[in-house]
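Have a look at the structure below, then the notes.
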Amino acid sequence: MYHIQNDLYLDEQEVEFSMIRAQGAGGQNVNKVFSAVHLRFDVHASSLPEAIKTALCEASDRRVSKDGIIVIKAQTYRSQDKNRAEALERLAELIRSVSKPVKPRRPTRPTRASQRRRVEGKVQRGDTKRLRGKVVAD
């Protein structure tokens, strides 16, 4: 079990890892070492609460597919174990981000003083622009 939040745990059996070759420079060894990790997580088949499942599927994140499968690629480290841990941590961070309650927006109104300052600034800019015009001789 992988700890996500206070009382939220993720069963590691639900997470599928596949090892791939990392991109980028690496010399002769890069073509024979599988150090990058692809993490696949099926949201619908998981044991997460329904509210978090729907929030994950509705999240506007490119890592979440239309079918509800999360794919995370980790290739920062040269070690396969470190990349696996990083991918799990990124998945946990994604789940934490959707499990936070959305703070409702309370609409506010501008103060009378701020409205007055805004209008005075507009009048002053208008005067400046008006004075840029042609000078009329008497």
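Only heavy atoms go into these numbers, but all of them, side chains included; no hydrogens, no water, no symmetry mates.
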N-O pairing of E120 and R117 below 4.0 Å: no
NZ/K100 to CZ/R96 distance, rounded to the nearest 0.5 angstrom? 9.5 Å
Can you tell me how far CZ of F41 sits from CD1 of I95, rounded to the nearest 0.5 angstrom? 5.0 Å
List the residues meeting side-chain hydrogen bond (donor to acceptor under 3.5 Å, both in side chains) with R90, not counting sequence neighbours, and say none if there are none. E86
What's the shortest heavy-atom distance between I72 and A87, and which atoms? CD1-O, 4.1 Å
Closest heavy-atom contact between R40 and V71? NH1-CG2, 3.4 Å
Got a list of side-chain donor-acceptor pairs under 3.5 Å for residues 105-113, not counting sequence neighbours?
from: T111; atom 1: OG1; to: S114; atom 2: N; distance (Å): 3.2
from: T111; atom 1: OG1; to: S114; atom 2: OG; distance (Å): 3.2

Side chains of L91 and L39, heavy atoms from C-beta outward: is any pair under 4.5 Å? yes
